[in-house]
Amino acid sequence: MKNKIQAKFKELFGEGGELFMSSGRINLIGEHTDYNGGYVFPGAINYGIMAQIKLNGTDKVKVFSIDFNEYVEFALKEEDKPKQSWACYVFGVCRETLKRGGKVAGFDAVFAGDVPLGAGLSSSAALESVFAFAINELNGNGIEKFELAKIGQSTEHNYCGVKCGIMDQFASVFGKEGALMRLNCKTGEYKYFPFHPKGYKLVLIDSCVKHELASSAYNKRRESCERAAKAIRENHPDVDFLSDAKRVWLDEVRDKISEEDFIRAEYVIGEVQRVLDVCDALERDDYETVGEMMYQTHFGLSRLYEVSCEELDFLNKLARKYDVTGSRVMGGGFGGCTINLVKEELYDGFIKAAKEQFAAKFGHEPKVYDVVISDGARKLQ
Ligand code: ADP
Ligand code: MG
C-alpha cells in the first residue's frame, strides 16, 4: 500500500509529502447503547487508510484515490463540494476544520486503504480521521483529539448524509495498540483497558448480507427506548437516558409500558452492565468471561432487541458448536459481521466449518477478517 501511494504521489505531485495513517474499528461489546447514553467499547484495528500529503501553496485541494482510481480537485468554499462521494469525506473534513476556526491551506494528497467498504468496520471514519489528523498537524491548528473525532462525525452529518454517533470516529482517532476504549456516550468520558488476548484470536465473519429492515427498525427501537426511559423518569427524575436506569426501576413500570418496549429496555439495561462486567474481566485477563458476555449480548440482540437475522444467528450457533469462546453480531444488526473470540487451536476448524456450512445454507461464502487491536490516527515516520 505504502509503495503504491508513494509512487503515485511522485508521479502526480513530485517529491515530498508526509505519510499519515488511521484505522477502522471493531466494537467488542456495547451495542445500541450509544443513543441510550450508555457505554460502547471499541478499538482501532489493523485495517486502515494511509495518505501522503503535502501543502501545495495554493488555495486548492488536489487529491487522488488509489482505490477508486480517481483524481479530484476542489477549492474550499461551501459551494465547491465535489460530486464523487469519496471526495465529499475529504471536502467535509476541510470544511468542518474551517468551521472550528482551524486553518486549511491547499494540499496535494494520494491515499489508499484496506478497510473493507460497508462491512461494518467503518472505512468512512478511517478516511475522515486520517485527513482530520493530517490537516491539523500540517497547519499547526492544535485542535484537540476529541474535536478531531467530531470533525469526522459532522462530516458524515453535513456532507455525506449519515446521522451517525461519535463512536467510530472516536475509536479511529483515539485507538491504541493492545487497548480497547470504554466511551461513555452521555458524558464523552473514556478509559483505556488492556486487551491482550494471548492464545486467542479475534476474527470477524462477514455474512455479506444487509436486510432492508435496518433503518426503519432502528427508528422503532429508539422510540421504544425513549418511551421506556420516560416511564422510568416519572419515578426517578434523574434518568436522562435509559442507560441511567437500574434494572429494578424497569420492573417498576412493567405495567405502564408495552411488552415490546419492556424487552427492548431490558436488553439495553443489561448491555450497559455487560460492558462494565467485560471491563472488570479484562483487568483480570479473564477472556472466558469476556466471551460469555459476548454470547449474552448476542442472545439479547437476537431475542429481546430483535435486530439479528437468520444468517447471523446461524453463525452464532455455529460458534457455540465449535467451542468458540465468544461470538455476537456486531453493529446495528440485520446483516454485517459477527465478532468472534476464539482459541488459537480451534481457529482453523471453526473458520473452515463457518465457510463451508454457511455457503451450503446461504449460497455464498462469508468473508473472514482477522483483527488485531492497533493504533488509530497517527503520523508515520
Ligand atoms: P463503512 O461502514 O465502511 O464506514 P460507509 O458507507 O459509511 O461504510 O463508507 C464507505 C464510503 O467511504 C465509500 O463509499 C467511500 O466513499 C469512502 N471510502 C472508504 N474507504 C475508502 C477508500 N479506501 N478509498 C476511497 N474512499 C473510501
Ligand atoms: Mg461509515
Do Arg100 and Ser154 pass the side chain to side chain donor-acceptor pair (under 3.5 Å) test, and can you show the C-alpha distance, the side-chain angles, and the key distance before you say yes or no? CA-CA 11 Å; Arg100 285 162 177 78; Ser154 308; 3.0 Å; yes
Verdict with reasoning, Ser327 to Thr338, per side chain to side chain donor-acceptor pair (under 3.5 Å): CA-CA 7 Å; Ser327 177; Thr338 60; 4.5 Å; no
Pair Tyr267-Glu31, side chain to side chain contact (heavy atoms under 4.5 Å, CB included): steps then yes or no: CA-CA 10 Å; Tyr267 163 74; Glu31 214 63 81; 3.5 Å; yes
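Classification of Glu310 and Lys361 as a salt-bridged pair holds, one side-chain N sitting under 4.0 Å from a carboxylate O. For the pair Lys317 and Asp313, the salt-bridge criterion is not met [side-chain N within less than 4.0 Å of a carboxylate O]. Salt-bridge check for Lys230 with Glu226: failed, with every basic side-chain N at 4.0 Å or more from each acidic carboxylate O. Using a 4.0 Å cut-off between charged side-chain N and carboxylate O, Glu18 and Lys54 make no salt bridge. A salt bridge links Glu96 and Lys99; the closest N-O separation between the charged side-chain nitrogens and carboxylate oxygens is under 4.0 Å. Look at Lys379 and Glu137 and you find no salt bridge, because none of the NZ, NE, NH1 or NH2 atoms lies under 4.0 Å from a carboxylate O. Ion pair Arg264/Glu306 flagged as a salt bridge, since at least one NZ, NE, NH1 or NH2 atom sits closer than 4.0 Å to an Asp/Glu carboxylate oxygen. Taking the charged nitrogens against the carboxylate oxygens, Glu189 and Arg182 have no contact shorter than 4.0 Å, which rules out a salt bridge.
In this structure, Leu282 CG and Phe41 CZ are separated by 5.0 Å, a value rounded to the nearest 0.5 Å. The CG atom of Leu117 lies 10.5 Å from the OG atom of Ser122; values are rounded to the nearest 0.5 Å.
Taking the ring axis of Phe241 as reference, the NZ or CZ atom of Lys186 does not stay both within 45° of it and closer than 6.0 Å to the ring centre. Under a cutoff of 6.0 Å and an axis angle of 45°, Arg254 and Phe262 form a cation-pi pair.
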Report all side-chain donor-acceptor pairs from residues 192-205 shorter than 3.5 Å, counting only partners two or more places apart or in another chain.
from	atom 1	to	atom 2	distance (Å)
Tyr192	OH	Phe174	O	2.7
Tyr200	OH	Glu288	OE2	2.7

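Legend: residues meeting side-chain contact (heavy atoms from CB on, under 4.5 Å) with Ala281, ordered by chain and number and at least two apart, are Arg284, Asp286, Thr289, Val290.
Side chains of Glu78 and Tyr159: a donor-acceptor N/O pair is present below 3.5 angstrom, by distance only. With no hydrogens or angles considered, no side-chain donor-acceptor pair links Arg328 and Thr297 at under 3.5 Å.
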